[in-house]
Structures are given as C-alpha cells and as structure tokens.
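Throughout, a chain's letter reflects where its sequence line sits, starting with A, and its residues are numbered from 1.
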Amino acid sequence: MTDRSGQAGLLPGTLDLLILKAVSLGRLHGYGVLLRIEQISGGALHIQQGALYPALYRLEHQGLLAAEWGTSEHNRRAKFYRLTAAGRRRFGEETASWRRLAEAMARSLAATPQEV
Amino acid sequence: MPHGLIARARSVWRAVRRRAEFEADMQAEFRFHQESRAADLVRAGLPPAAAARQARLEFGDAETHKDDAREARGLRRFDQLRVSWLDVRLGFRMLRRYPGLAVVGGLAFALAVAAGAAGFEMMTQLAYPTLPLPGGERIVALRAWDAAAGRGERRLAHEFAGWRGALRTVEELGAYRTVGRNLVVPGGEVAAVPVAEISASAFRVAAVPPLVGRALVPADERPDASPVLVIGHDVWRTRFGADPGVVGRTVRLDGAPHTVVGVMPEGFAFPLSHAWWAPLRLSASGYAPGDGPTLELFGRLAPGATLGAARAELAALGRRAAAEHPDARAHVRPEVVPFAESIYTKPLGLAIRAELAAANVPAVLFLVLVCGNVAMLTFARAATREGELVVRTVLGASRGRIVTQLFAEALVLGGVAAVLGLAAVGAGLRPFLLAAAGPSDRMAFWIDGRLSPPTVLYAAALTVFGAAVAGVVPALKVTRGLTARLRAASAGGGGPRFGGVWTAVIVCQVAVTVGFPVFAWSAWRESTYYRSAAATVPAGEYLTARLAMDRADVSAASGDTAAAGARFRAARAELARRLAAEPAVRRLTHASALPLTSHPWRRVEVAGAAPPATEPAALPRVGEARVADNFFAVFGAPVLAGRGFHAGDLAADARVVVVNRSFVRDVLGGRNPVGRRVRYSAGQEVPGDGPPGGRPPVPRPGPWYEIVGVVPDLGVKADGDPRRAAGMYHPAAPDADELTHLAVHVRGDAAAFAQRLRALAAAADPALRLDAVLPMDEAQVADLRTLGYVVRLLVAAGVLALTLSLAGLYAVASFTVARRTREIGIRVALGADARRLAAAVVRRPLTQVAAGALLGCGVLAVLGHAGSEFLAGLSARDALAVAAYAAVLVATCLLACLVPARRALAVQPTEALRGDG
C-alpha cells in the first residue's frame, strides 16, 4: 500500500487507511471521500485530488471496497464506494496497528534523558 | 490470502471483459469529481471559468491518474501481453513481406502440426477407444484367457449357453463368428465375402434400427427357420444398386439361398467391420467345454450394473466352471472388457497407453526442431528489424509489448500452417488407414481416423506452443539489452548475436537432414526389391487365389472335421480338373505360399556348419513353403544345381528340400548346398493359422532335411520383409491339406480370367471359396502403395529439412555479414586478404554443418549397429554413399553462404563507416 500523493505529511500507507476510515462512516463517492477526509482531519491533511482514484481502485481491486453507481445529492450520476466485510476487517486491523505505532512513536519522542 | 486473490482475479476479469465500460466509467467518475469541485468553488465565490480551471489544476494530470488506476486494477500487465487485432494484421503483413520465410516456415510448421495431430488422433483412438453407438460405453466383450496355454480361449459355445441364463450383470448376451462365404447375387459375379454369423441380440445391443426392412430376430436363430441375411449400407449401394425393394430378394451364400430382410444404416459395422449379417445357429444339443466353433461374446451391462460387478460375477462363474470341469477349464479365466477395448488381446492398461502416448514424442520433438528453425529465421529477421524495434522502444513500447507482437506474428504463421496441416490430416488419415489395412483386413469401425475435437484442441495447443518457440524465444533474445544498446547507440557494434541455442538447432537440423533421405532411400530400395522380385517371373500371366472352405453348419458335431477336410480336398481336385480342361489355362500348381507373398519364416541350423549358436535369435531365418511337384516348372524356374522334386520325395522318410539362391548366399555363405543337411532349430513357434505369439514354442529341433536342389529366387518374403529372401521348399503330395494356394498360368490377360475362375470354383463346389483372386503382380500392390506413401512422406520431410537447413544457414551467414560490415570494411581498408575475409564469414556455418553431418552419420551408425529394422541390410558401400551424401550436403550448405560471402567481399570501407553513422 504505497501512497502516491507525494504530499508531505501524509505517511506512506496512510491514504488507504484514511479512505477506509472515511468510507466506514458511510457510503461515499470519490469527491465525497476527499471532502470527508478534509473534514475529519480538520483540514490538516491535504490530498492531491486525482491521486485518490488509483487508491480507490486498488482498494476495490483488493476486495476491500465495493463500488456501485448511484445518484448524488445534486441528483447527478456518481460512483459510490462502501466497505466490504473484508474491508471492515482490514480497517480494524490497520487502525489497531496504526494506534500501536502512534503510541510507540509518541512514547519514543516523549522520552527524556532521565528515562534512558 | 485466497480471498484477496479471488477478489483480484475477479476484478481483473470484470475490467477485461468490459474494457470499454471500465474506461468510460473512469472518465465519468473523473468528470464528476472535477465538476463537483468547480461547483463548490463557484459557491465559494469564484467565477465559473476560473473555478473550472482551478478544479482541473487541483485534480492533477488526469491521464497519469488513469494509468495509475489501470495499474491498480491489474490491467497494465494484461495490456502489454494482449494480442490485439493490430498485431494479427501486422502478422499477415509480415507473411506477405517475407514470403520466403512464410512458405518455408509455414510448410514446415504445417507438416509438424499434421504429424502431431495424426499421432494424437491415432493415440486417442487406440488408447481410449469409444464405440460410436448409443450407450456404447456400456457394451462389453466377454472372453476367456487360458493361463496354462498362454492364449485366449475362443471355443466358448459351452460358456455362451451357460452364461446366457446365469449372468445378471450383463444382458442381451450374444455371440458371433466371422466366416468367409461365396456370395452370388443373381445377375452378379461370385465374390468371397466375410459374413458375421451373429446372435439377433446384437442389434438390440448396438441399438441402431435398420434403414430398410428389419434386423435379425431370435426366431431367425432356430435351425428350421428359413435363412435370412441383413446387409450393410455400402454393399446395398455397390451390389444392389441401392434398390429400395431389396428386401425379399434372394442371394446365395456358398450355394445356399438366403433372403435379404434388412439394410443397416450408413456407418453401421458392428461388431467389427462387418457388412453382412446372418443368424448364428448353434446346436440345440449343446457343446462340451472347449468344443464347438470359436465365438466372440458381447452384451450390454444391465441397468445399474458396473463393469466391476460384471467382472466379479464372471470370475465367480469361472471358478465354478473350473471346479466342474477340471480337465478342460481349470486354467481358463473369463473376463469382461469394454467392447471398444476388445481389439487388444491384453487388458488395455497403463502400459499400452503409455506406449501409445510415447509414440507422439517424436512428433513433438519434430515440432520443436521445426519451430527452433523458424525461430532462427524469425530471429535473423528481427535482428534486421532492430531499427524498427528501437524506434518503438523509444516511443514507449515495453519489452513485453514487443515480445507480444513477435509472438503474434509467429502465431499468425502457425495458425495458417495449422489449418493447412489439420486439413491434410483430416483428408489423408482415413485413406491412409484404409490403404495400410488393405481391403481384406479392415480396422474396427470405431478406429476410423476421423479428426475429433480433442485433436483439434491439441493441434491448437501445439500451434501456440510452436508460436511461443518460434516467436517468443527470438523476441526475448533480440530485445535483451535493447535499451542498453539504445543508450550506447552511437558506439556501434554489439547487437544481438547467434548464440549456442541456434548452433544446436542448426546442428540437429543438419543431422536430421542427413537421416531422412537415408530412411527414404531404404524404403525406396525395398519397393524396388518388390518390383525386381516381380520381374523374375512373368507375374502378370499368373492368376492366384487362396482356397478356403468354412464349415457351413456350426451345429454339426465335431467329428465331422475329417469329412469337411475331405470335401475341401475333393473340391480342390475338381477345380483343378475343370481348370485343366479350359483352353485359356496353360498349367496350374498349388502351394502353401506363392511367390511375391509373405511366407512363414523359421530359424534353421545347418549340419556341419559353425557350432550351433548359443543365441537362437542369431540363427538365420528362412521363409518356407510346401509346394506341389510341378511348382518350379509352372513358374518357369530352372533347377540351377542338383534336381527338382519327384514322386519319390513324398515318402514319409524322404525328407528332402530345395532351396533358393538367396539361401545359398545368406545361410551357406555361397558354398555348394547340394547334399548338405538343414533343420529347424528348437525354441520357436511352428507357423500356422492365427496370430503369432499364441502357440507354445517347440522344445526340440526338427528332423534333418537334405538339400537336393537349388532354384532362382522366386520372391520369398519371410515375415513380410522382402530383404529376407532366403527360402526353403518342401515337397507336398497333391492331396496335402497345406496346399491352400492356387496359381494358374493363363494365356493372355490373367485379370480377365478371374471371373471364369470363380465360376469354375462355384461349379466345383458352391462352398469352395476363393479369397484374394489377383494377378500375381498385383498381390503386392497394397504393400507397394503403403510403401509409396512412406517414401513420399520421408522424401517430403527430407526436402523440407534440407530447405530449412539451407534457409537457416543463409540467414546466419547474411546476419554475420550484416553485423560485421564495419569490421569487414576496416579490414578491407587495412588490406586484408579476400580469402581470409570469406573464411571468416563461412567458418561458423561450416563448423555447424560439419558437426551436424557427423552427428547424423553417427546416429545412423549406432542405429545400423543396433539392427534397426529400417536400416537392416545397409552394407559398407551404402555407408560410403551416406558419407558421400553428407559431404554433398556440406557443399550445398556452403553454397547457401556464397551470396553473403560475396556481399562481405564487396563491402567498401567508406560504405562501412557511413553505414555506421
């Protein structure tokens, strides 16, 4: 799971996790995924917009997302993504793994000379 | 993770299957994104035009994202390997642009696919035979194996009666035997035909209704029923003019009138290859075990019964019979086999199947060799197209893409060739089988040589495999390091080279080229032998026939054998008497085997010669015949030494033989034969009726015979092999049972006398049957025709191999010159010797051809030493001829290098340097 956004601050692999998170909150089309990530990150994370789609296609290819065509809020035809069972499972694993990593990083970075 | 794999495979498959839809969806999705974003920006206050531009900028390069998305769906790799219409069209264009490669490579490819397909078809038909009848897989044959005698027990009349009532797992049990009968259709000629005397149940087992009239019914089997006959479609057309009113017509079989009651539909030939069916009438009083006529039994598995259950039930019946009749049935084991497999004496197991499958290996090897050669030509062509390939690489074509394109080109060539090859097999295999089997010895009807769908699939697989060898291998070689060369383009030199693989291909090719003509020549020599043997006697003046008489009534008691023999001898004598009275007949004679036909052979030892060989197989083998005392005189064969036969030689203790010239040469080494003694060695079967291998070998050597005379070679073919021409003649009394063949020396055309001969025989005794009534020079026409096929096939393969070799060598030499133009130019500029330059060009091809010729000669020598049947009889002089041919081959191949060598010498230094820039 490589991240092709090239955006500084977005660690490799995190785009996939963010997409899974966004979609786990409800069925979304591609542009909606972008908006949702900006919204839940409080605008802190910026994603190069086109790069979202290869990631979405990859997750669909892996069977973690399912896609179907539907109608958007403005009554336009749009492709909606939702989590599959495998996607939900993977999302749980990745979240737990990310938390462990983040805690370890936080602990490591908070270390003081006295603790060494 | 299997789930992930399945999901990925499904995802790729969906995208591939609906490729256009996938692309359109992606386009729509991107547009939706950008328009939604623009709408949001407009709401935020931007003018629409600026909003749209801003949305496009934020989205980034859509084409790059599309590419990434395709890769994410696993389509990129697929796109590279996909053979497109364009590739196929390009392939056809290549065929037109390089017609030489197309014709040579295509013909070779077609021959290889044809050989592979024909082999595979025969393999499947023989190894996995199926009956083309409704429910044919449930039709079984029942037979018995005599373990003590080591042969099949076919006198099963006793068992037939018992099993008919007892068997639960097999229903409609029936039996048949094939008998020869003289057929007379009113207004037609006399003809000997094989008739199946068969149980009426056969037509229920085969489950094919008659086309006209009715099939046989059980009532026909009653001894008092009027004799009836069912006929096949072919004979209905040829002998009855497809008369729709044929039912009710009367024909005579061995003089007895039979009423035609039905015609079977086209293609029906159950049980084996039959076209005449008469009811089988067995004795009502029954038979003792091992008595009665020989019978083949068949039936259909009862509903729900398996082959295993039938085997178990029959084995139990066999054990009971062994207990009840220990003298006749103690060692007889009954067995059930699928009917289609009953053509094999032994159960059709893994061993036979493996052997049949192994027969396809040479065809596949041949294909590999051919494709290797086409690969070499493709490689040379691809190397000359390097410029084009470089340009395509620069324009972004990946290596996979270029390999795919070359594969597609080879596939087009192979596809066209495979269609040709399959068409040839489809049209030729059946006639070949018919010609090879001969009219009297037809193959079982389900071995028909028709192409089946699996064979077409197999040929398709062969084609793809061949195209992979001929297209992908050279493509990989030529594209290897293409980008690296691209970077160093200005440096010159380098480039693809002919490596070890191509050397091996050429060497093998040349070796094969040496071998094929030798085999072809050997086969041709065999056919000339047939012709030259025919020339020793004016064979066209002799009409020959085999005399036979099948007992009319199988229900007669077995004690009548002697009576039947007496009737045969009387009929033969009566026919001879009537013939002698014919004005067209000069003379006639009888023998157990006639000149130019196959004689039974046995190994002999000569008294006082070298000590008896320890290895019986090392003893010379000779063909033997029993002949009437006028035999040599009738064939105009002078006695060359000693004397011919006279009446005194028939005494039981006389034991004299006459030998032919080949016997003196091959067995006695040219020494004076008269007065020497000779005998049949121990440990071999005594020839007789039926297939070899079924009779126990004689433990002791035969009695000594004294050689009293020598005659010229009259065309003894021991074991059907014309090169084994040593022959030995025994005298036979005029009433001897062995004198089964008749030769009539006629005035004028022998063939024209055939009808008269049949009429005389029918008048002498309606049951006296004449098989194979032929002028003597036609007796071996079938042999010659088969041999002709073989010779033509071998010559074609040899010419093709030679052409391929020459084309390959030419390609290599041209390639070398093209590659080394710069080097040669510089050497010319430096004043290099022309001869050395030419040598530099031809050295490599020359080495390869010489190695190939040596390899070919070596393999032939090993085969000849191992006593290969085909090469038997190749003398030292022949070996010299092979060596000379190999030398000519090397010289011819050098000619193929001549044009490139001249081109090399014509290279101007300036041209070389300019070409490099």
Where Ala72(B) and Pro54(A) come nearest, the two heavy atoms and their spacing: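 Looking at all heavy atoms of both residues, the closest pair is CB-O, 3.4 Å.
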With rounding to the nearest 0.5 Å, note down the distance linking [atom1] in [X] to [atom2] in [Y].
X        : Y        : atom1 : atom2 : result
Arg31(B) : Arg77(A) : CZ    : CZ    : 10.0 Å
Ser36(B) : Glu73(A) : OG    : CD    : 7.0 Å
Glu35(B) : His74(A) : CD    : NE2   : 12.0 Å
Phe59(B) : Gln48(A) : CZ    : CD    : 9.0 Å
Arg8(B)  : Gln62(A) : CZ    : CD    : 5.0 Å

When you look at [atom1] of [X], are more than 12 heavy atoms from neighbouring residues, nucleotides or ligands closer to it than 6.0 Å?
X        : atom1 : result
Lys79(A) : NZ    : yes
Arg43(B) : CZ    : yes
Arg76(A) : CZ    : yes

Among Tyr53(A), Trp69(A), Tyr57(A), side chain to side chain donor-acceptor pair (under 3.5 Å) partner for Glu29(B): Tyr57(A)
With a 4.5 angstrom heavy-atom cut-off, is it the side chain or the backbone of Asp25(B) that approaches chain A, or both, or neither?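 Contact with chain A involves both backbone and side-chain atoms of Asp25(B).
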Are side-chain heavy atoms of Glu60(A) and Arg73(B) found at a separation under 4.5 Å? yes
Report yes if the side chains of His65(B) and Leu52(A) come closer than 4.5 Å at any heavy-atom pair, otherwise no.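 No, too far: nothing below the 4.5 Å cut-off.
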Intermediate values then yes/no, side chain to side chain contact (heavy atoms under 4.5 Å, CB included), Leu34(A) and His33(B): CA-CA 10 Å; Leu34(A) 178 84; His33(B) 182 112; 4.1 Å; yes
